Participant: 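Just passing along the structure, written as structure tokens.
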There are 2 protein chains.
Amino acid sequence: MDRLETRELAYFLAVADELHFGRAADGLGITQPALSKTIRQLERRLGVALFERTSRAVTLTEPGHVLAHEARTALDAVSAATERTRRAGTRDPRLILAMKPGGDAGLLPAILAAYQHEPDVLQIEVVFGGDRARMVREGQADAALLYTPSDDARGLDTEMLLSEAPLAVLPASHPLAHRATLRMADLTDENLHKHDPAGDSAKGSISELMHLIALGRTVAVLPQSLTTPLREDLTTVPVTDIPPSVLQLAWPAHSTSLSVAALARAAAKAAAADNTSPSAIRSLRGTAR
Amino acid sequence: MDRLETRELAYFLAVADELHFGRAADGLGITQPALSKTIRQLERRLGVALFERTSRAVTLTEPGHVLAHEARTALDAVSAATERTRRAGTRDPRLILAMKPGGDAGLLPAILAAYQHEPDVLQIEVVFGGDRARMVREGQADAALLYTPSDDARGLDTEMLLSEAPLAVLPASHPLAHRATLRMADLTDENLHKHDPAGDSAKGSISELMHLIALGRTVAVLPQSLTTPLREDLTTVPVTDIPPSVLQLAWPAHSTSLSVAALARAAAKAAAADNTSPSAIRSLRGTAR
DNA sequence: CGCGACCAATAGCCTGAAGGAATGGACCGG
DNA sequence: CCGGTCCATTCCTTCAGGCTATTGGTCGCG
């Protein structure tokens, strides 16, 4: 049983994404016949049909769907191997922590401070990125601050730092502003701005959003940490029927790095201290699953 | 930045394991110069030295150690892709559950029964294997019953089923047999049989071990479920300073299979029912970490 | 029905990279 | 200083991956 090559997996994924041999070949910088031949050979080697082809359309078979999924994680693992090996070879290795701007719930200074007291510390470099889970999976970062359920931390080890109740942000004058709690159904009439953590780009986007809310143009549901400090003319109401946003530190599941372990300990310590501080009204549990 | 090929990773691992180009090449079925050339090229592509060579000895550099680790998980992921795709192509796909004989703490019947009531069920096939975590990682099994800390479940999703206190098994006449609890230090004088879950082969090994204990030839520390039923002439005493053996169901971290999800639900349900049953004296927490 | 557009598969050829055989060079032990 | 060990280098061969050109099947449209 010979082993698949990453080239074959990458070629397959190109076709699986495009569902079109010609365009996929273009994207790969090779010609269509070469690609067709490779995919055919892949199917022969696996003993399984991956695509259903007609001269009009290409679709994935059931095994094709499985391979599309598995191939992605396998290629991620190969990329990670390259990346981490390269980084291990640099003169002064750093610990790269991925987060999104403001995505630390104010916890980062405490984490960094606690980290300095750990053994086996490296210089920490904070980088900002969109798909932070992927950065960790591909080895571009050693750890990341993620929010579940919006980020997908599967395949990573995680340490839960804090759980934040989702808050609806409303104008102080809004009819629902006096309610003790809300359900999502209460907000269906509003022009709801669904918070998409992955899509955030500029740092100003939150304050812009707040501005729009104050103008009555929209309302939003955000994790608590993003709502402070809150403008005078806005108010927040907990939403009870969506799961809380959980901030967690994530790192590669098979990590053996002492530095990453130290960071995890530091983060846990900082989060524990924060959770017991009087200013925090946290760990409200959502009801949805 | 071109992508590494699995061939390169496999060749590298062969050398990393043997620390000898000639023997590694033998094992791979190629000649030594071909292997040397490939490794050199790999080092050039990564921009990093992987081995320290003298004509007398070959050793891994620091980046080499990193790659050895990363390459293994990457190759596992590729194997898993192959394996799962092939299995998805078989006529009637089954759900393969890996365990070791007797390694279910008596929970398997309840799990299977609960599973039948779930939606999206497949036929379950139980297989026995030594390195069950690896079987899941490589796609030879869809789920496994593992014991932590002896099995390494990193990189897998898990559901904790039950936690068992470690019990010292002694002849009833043993001087320590009357103690309420023991520490490992108490047993240093004995000819202690360290339980190695991975090394278990035949089903008879436990009863043979019990026989040896009854003869006073050895004593053993085992998770509770392996000690029942207990011979008349033996007794057990909890050991407090080693971590409890935790039985868990593990499956690939990035699984999207409805059937695996159903099995996880079923196992959780069966374990919950078992934990509340009067016969169980479980979840004793160990103190070690 | 016939024609063109579209798209994957096939055929035939070429190039480069993987591998083999022979050899060189460094090191060590006797 | 010689022989053995082991990795690197050189040179040659083979074949798999890629390209161009073409075929064959299907759909849409006049």
Side-chain angles (χ1 to χ4, degrees), chain A residues 1-61 63-65 67-68 71 75 78 82, chain B residues 1-61 63-65 67-68 71 75 78 82:
Chain A
M1 180 198 93
D2 47 357
R3 172 169 274 126
L4 300 189
E5 286 301 326
T6 57
R7 183 185 57 87
E8 305 179 273
L9 295 179
Y11 284 11
F12 166 76
L13 275 188
V15 180
D17 286 341
E18 294 277 2
L19 291 179
H20 189 291
F21 281 75
R23 278 195 301 275
D26 264 11
L28 293 169
I30 63 172
T31 56
Q32 173 260 315
L35 182 55
S36 282
K37 187 166 48 161
T38 301
I39 299 294
R40 274 252 176 272
Q41 170 186 332
L42 180 58
E43 290 179 314
R44 232 176 306 122
R45 293 220 278 162
L46 290 172
V48 160
L50 299 172
F51 295 103
E52 207 82 64
R53 304 121 153 117
T54 73
S55 60
R56 223 48 196 166
V58 174
T59 56
L60 280 168
T61 62
H65 275 110
L67 184 60
L75 290 186
V78 174
T82 309
Chain B
M1 179 201 94
D2 46 359
R3 172 167 272 125
L4 299 189
E5 287 300 327
T6 56
R7 182 185 57 88
E8 304 178 275
L9 296 178
Y11 284 12
F12 165 77
L13 275 187
V15 180
D17 286 342
E18 294 279 0
L19 291 180
H20 190 293
F21 280 74
R23 278 196 299 276
D26 264 11
L28 293 168
I30 64 174
T31 58
Q32 171 261 315
L35 181 56
S36 282
K37 185 165 60 161
T38 301
I39 300 293
R40 273 253 176 274
Q41 169 186 334
L42 179 60
E43 290 179 313
R44 232 177 304 121
R45 294 219 280 163
L46 290 172
V48 159
L50 299 172
F51 295 103
E52 208 83 63
R53 306 123 154 115
T54 73
S55 61
R56 228 40 198 170
V58 174
T59 57
L60 280 168
T61 62
H65 275 110
L67 184 59
L75 290 186
V78 174
T82 308

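A, B, ... follow the sequence lines: proteins, then strands. Residue 1 opens every chain. Computed from a prediction, not measured in an experiment: that's the story for all the values here.
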Participant: Once you round it to whole Å, what is the distance between P of dA16(D) and CG of Leu42(A)?
Facilitator: 16 Å

Participant: Heavy atoms only: give me the nearest Arg45(B)-Glu5(B) pair and the separation to one decimal.
Facilitator: NH2-N, 4.2 Å

Participant: Can you tell me which nucleotide in dC19(D), dG19(C), dA8(D) comes closest to the side chain of Ser36(B)?
Facilitator: dA8(D)

Participant: Would you kindly check if the NZ (Lys) or CZ (Arg) of Arg23(B) is within the cone defined by 45 degrees around the ring axis of Phe21(B) and under 6.0 Å from the six-membered ring centre?
Facilitator: no

Participant: How many Å lie between CD on Gln41(A) and P on dT10(C), as a whole number?
Facilitator: 13 Å

Participant: Could you state the CZ-C1' distance from Phe21(A) to dC19(D), rounded to the nearest angstrom?
Facilitator: 18 Å

Participant: Just the rounded figure in Å: distance from P of dA16(D) to CG of Asp2(A).
Facilitator: 11 Å

Participant: Would you indicate which nucleotide in dA9(C), dC6(D), dG20(C) comes nearest to any side-chain atom of His20(B)?
Facilitator: dC6(D)

Participant: To the nearest Å, how far apart are Leu35(A) CG and dC19(D) C1'?
Facilitator: 14 Å

Participant: Which of the following nucleotides, dA8(C), dA11(C), dA21(C), is nearest to the side chain of Pro33(A)?
Facilitator: dA11(C)

Participant: Ignoring the backbone of Lys37(A), work out which of dG20(C), dG17(D), dC6(C) is nearest its side chain.
Facilitator: dG17(D)

Participant: In whole angstrom, what separates Gln32(B)'s CD from dT10(D)'s C1'?
Facilitator: 13 Å

Participant: Where the side chain of Thr38(A) is defined as all heavy atoms beyond and including C-beta, which of dG19(C), dG18(D), dC7(D) is the nearest nucleotide?
Facilitator: dG18(D)

Participant: Give the residues of residues 4-15 of chain A touching DNA chain C, defined as any heavy atom closer than 4.0 Å, sorted by residue number.
Facilitator: none

Participant: Output the rounded distance in Å from CD1 (Ile30(A)) to C1' (dA16(D)).
Facilitator: 13 Å

Participant: Arg56(B) has a side chain; which of dG19(C), dT5(D), dC7(D) sits nearest to it?
Facilitator: dT5(D)

Participant: Taking the side chain as everything from C-beta on, heavy atoms only, tell me whether Val58(A) gets closer than 4.5 Å to Glu52(A).
Facilitator: no

Participant: Identify the heavy atoms of Leu28(B) and Ala14(B) that sit nearest to each other, and give their distance.
Facilitator: CD1-CB, 3.7 Å

Participant: Do the ring centers of Phe12(B) and Phe51(B) come within less than 6.0 Å of each other?
Facilitator: yes

Participant: Please find the pair of heavy atoms, one from Leu4(A) and one from Val78(B), that lie closest to each other, and give the distance.
Facilitator: O-CG1, 3.9 Å

Participant: Rounded to the nearest angstrom, tell me the gap between atom CD1 in Ile39(A) and atom C1' in dG17(D).
Facilitator: 13 Å

Participant: May I ask you to decide whether Arg7(B) forms a salt bridge with Glu8(A), counting only side-chain N to carboxylate O separations under 4.0 Å?
Facilitator: no

Participant: Could you work out which one of dC19(D), dA8(C), dG19(C) sits closest to the side chain of Arg53(A)?
Facilitator: dA8(C)

